[in-house]
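Structure, as structure tokens:
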Amino acid sequence: MRTVFYTASTLNGFLAGTGDDLQWLFDVPEEDGGPDPAAFIGSTAAGVCGAATYAWVLAHEAPPDVPGSWNDAMIGTSPLFLFTHRHPPIPEGADIRILSGPVSDHLATLAAEVGDGILWVIGGGDLAGQFLDAGALDEIRVDIAPATVAAGKPLLPRDLGPDRLRLVSAQRSGQFAHLTYEVLPADGPERPIGTD
Ligand SMILES: NC(=O)c1ccc[n+]([C@@H]2O[C@H](COP(=O)([O-])OP(=O)(O)OC[C@H]3O[C@@H](n4cnc5c(N)ncnc54)[C@H](OP(=O)(O)O)[C@@H]3O)[C@@H](O)[C@H]2O)c1
């Protein structure tokens with residue numbers, strides 16, 4: 001299993017503004033060559049998200065009472081593992097499996113589902129941090145939007161130094177900067193600058 005945290009972020013590192021606002025993301029003008037998350041999502045074996053992200057999708061893209069809206073909105077993200085302490089509504093036809101508690105307790109279940117494939121860590125940032133804490137975050141991909149917000153939900157609320165992150169690629173993608181980082185093991189060997 002390879003775990004990839006792929007998300008959009010503001011330039012100053014927020015996944016969402018105050019009140020889980022994503023308007024800054026939808027306001028970015030579309031341009032040729034812009035981000036194509038569908039291609040990535042189609043390559044994943046499963047997704048995982050937290051309760052606030054799930055609530056946002058239900059509220060804005062897949063109302064549980066609209067038949068088919070879940071599969072239209074989250075196509076390619078099946079099954080979806082949902083970390084929550086609650087019992088939220090599950091749209092008809094959606095393969096959503098509820099998990100709770102430490103990420104490390106569920107890695108075997110996730111790996112059994114995903115096999116050699118990709119587990120898309122959708123967010124939020126703290127859930128991605130929980131995968132990191134469990135030694136189970138392999139890659140971070142971010143589409144950085146040309147926008148800032150004063151407050152909101154942080155991209156990754158953890159301390160992670162340059163010894164733990166390696167920039168793999170940086171591309172312009174329409175009005176976004178698409179960055180891919182490999183997450184290095186906590187006890188990895190020191191790598192002198194310029195030896196790649
Ligand atoms: N910019 C983007 O592309 C992008 C991507 C993803 C998300 N978002 C947005 O970013 C925001 C993220 O919200 P968020 O930071 O609050 O994160 P979140 O991970 O979506 O939700 C956090 C909640 O998930 C539950 N949870 C997390 N870990 C758990 C665990 N180990 N066991 C059981 N329950 C657990 C808890 O809720 P309960 O205890 O209430 O169950 C927790 O309060 C949302 O607004 C979302 O729409 C944006």
Side-chain angles (χ1 to χ4, degrees), residues 3-28 30 34-42 44 46-64 69-70 73-77 80-91 94 96-110 118-137 139-158 173-181:
T3 53
V4 179
F5 178 33
Y6 181 24
T7 185
S9 168
T10 66
L11 176 60
N12 61 334
F14 289 97
L15 284 185
T18 303
D20 288 330
D21 176 46
L22 291 180
Q23 196 54 47
W24 54 269
L25 179 58
F26 297 112
D27 283 348
V28 180
E30 283 189 21
D36 183 13
F40 167 76
I41 295 167
T44 62
V48 59
C49 76
T53 300
Y54 180 71
W56 188 94
V57 174
L58 287 195
H60 295 88
E61 299 200 339
S69 64
W70 175 262
M74 302 297 283
I75 190 155
T77 317
L80 176 70
F81 291 91
L82 168 60
F83 272 90
T84 183
H85 298 99
R86 292 173 283 161
H87 301 282
I90 308 286
I96 294 172
R97 307 179 197 175
I98 290 181
L99 303 177
S100 189
V103 162
S104 53
D105 288 358
H106 300 291
L107 289 176
T109 301
L110 295 166
I118 293 174
L119 175 68
W120 177 26
V121 181
I122 301 168
D126 184 69
L127 183 63
Q130 293 178 51
F131 275 82
L132 178 74
D133 299 341
L137 189 63
E139 191 175 306
I140 301 170
R141 299 187 192 191
V142 194
D143 288 324
I144 297 180
T148 64
V149 293
K153 300 282 178 67
L155 170 64
L156 188 60
R158 294 293 188 277
S173 187
Q175 276 300 301
F176 292 81
H178 180 80
L179 305 179
T180 300
Y181 291 89

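Given the structure is predicted, the values throughout are model-derived calculations rather than measurements. Counting convention: from 1, in listed order, for ligands and their atoms alike.
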Under 4.0 Å from a heavy atom of [X]: which atoms of ligand 1 are those, numbered in the order shown and with their elements?
{"X": "G123", "answer": "19 (O)"}
{"X": "W56", "answer": "47 (O)"}
{"X": "D20", "answer": "11 (C), 44 (C), 45 (O)"}

Q) Measuring from the heavy atoms of T7, does anything fall under 4.0 Å of ligand 1? A)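 Judged by the 4.0 Å heavy-atom criterion, T7 does count as contacting ligand 1.
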Q) Would you call C49 a ligand 1 contact, heavy-atom distance under 4.0 Å? A)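 No, that is not the case, since the closest heavy atom of the residue is not under 4.0 Å from the ligand.
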Q) With sequence neighbours left out, which residue pairs that include part of residues 128-137 fulfil the side chain to side chain donor-acceptor pair (under 3.5 Å) condition? A)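 Output for this query lists D126-Q130, D133-R158.
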Regarding [atom]: of the candidates [options], which has the closest heavy atom?
{"atom": "atom 13 (O) of ligand 1", "options": "Q130, H87, K153", "answer": "K153"}
{"atom": "atom 21 (O) of ligand 1", "options": "A55, A52, G124, G101", "answer": "A52"}
{"atom": "atom 6 (C) of ligand 1", "options": "I122, L15, V121", "answer": "I122"}

Q: Establish, yes or no, whether a centroid distance under 6.0 Å links the rings of F26 and H60.
A: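 Not under 6.0 Å, so no.
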Q. Strictly under 6.0 Å, is that where the ring centroids of H106 and F83 end up?
A.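 Distance test on ring centres: under 6.0 Å, yes.
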Q) Within a distance of under 4.0 Å, is there any protein heavy atom near atom 29 (C) of ligand 1? A)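 Protein heavy atoms within 4.0 Å of atom 29 (C) of ligand 1 - there is at least one.
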Please write down residue, atom name and distance for the protein heavy atom closest to [atom].
{"atom": "atom 39 (O) of ligand 1", "value": "H85 ND1, 2.6 Å"}
{"atom": "atom 9 (C) of ligand 1", "value": "A16 CB, 4.0 Å"}
{"atom": "atom 25 (C) of ligand 1", "value": "F83 O, 3.3 Å"}
{"atom": "atom 7 (C) of ligand 1", "value": "T53 OG1, 3.3 Å"}

Quick one: are [X] and [Y] in side-chain contact, heavy atoms under 4.5 Å?
{"X": "V57", "Y": "C49", "value": "no"}
{"X": "V28", "Y": "P146", "value": "yes"}
{"X": "Y6", "Y": "I140", "value": "no"}
{"X": "T84", "Y": "Y54", "value": "no"}
{"X": "F5", "Y": "L119", "value": "no"}

Can you find an N/O atom of [X] closer than 3.5 Å to an N/O atom of ligand 1?
{"X": "A51", "answer": "yes"}
{"X": "T84", "answer": "yes"}
{"X": "S9", "answer": "no"}

Q: Could I get the full list of side-chain contact (heavy atoms from CB on, under 4.5 Å) partners for T148, not counting sequence neighbours?
A: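 side-chain contact (heavy atoms from CB on, under 4.5 Å) list for T148, sorted by chain: L11, N12.
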Q | From OG1 (T53) to CG (D20), nearest 0.5 Å | A |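 Here the interatomic distance stands at 7.5 Å.
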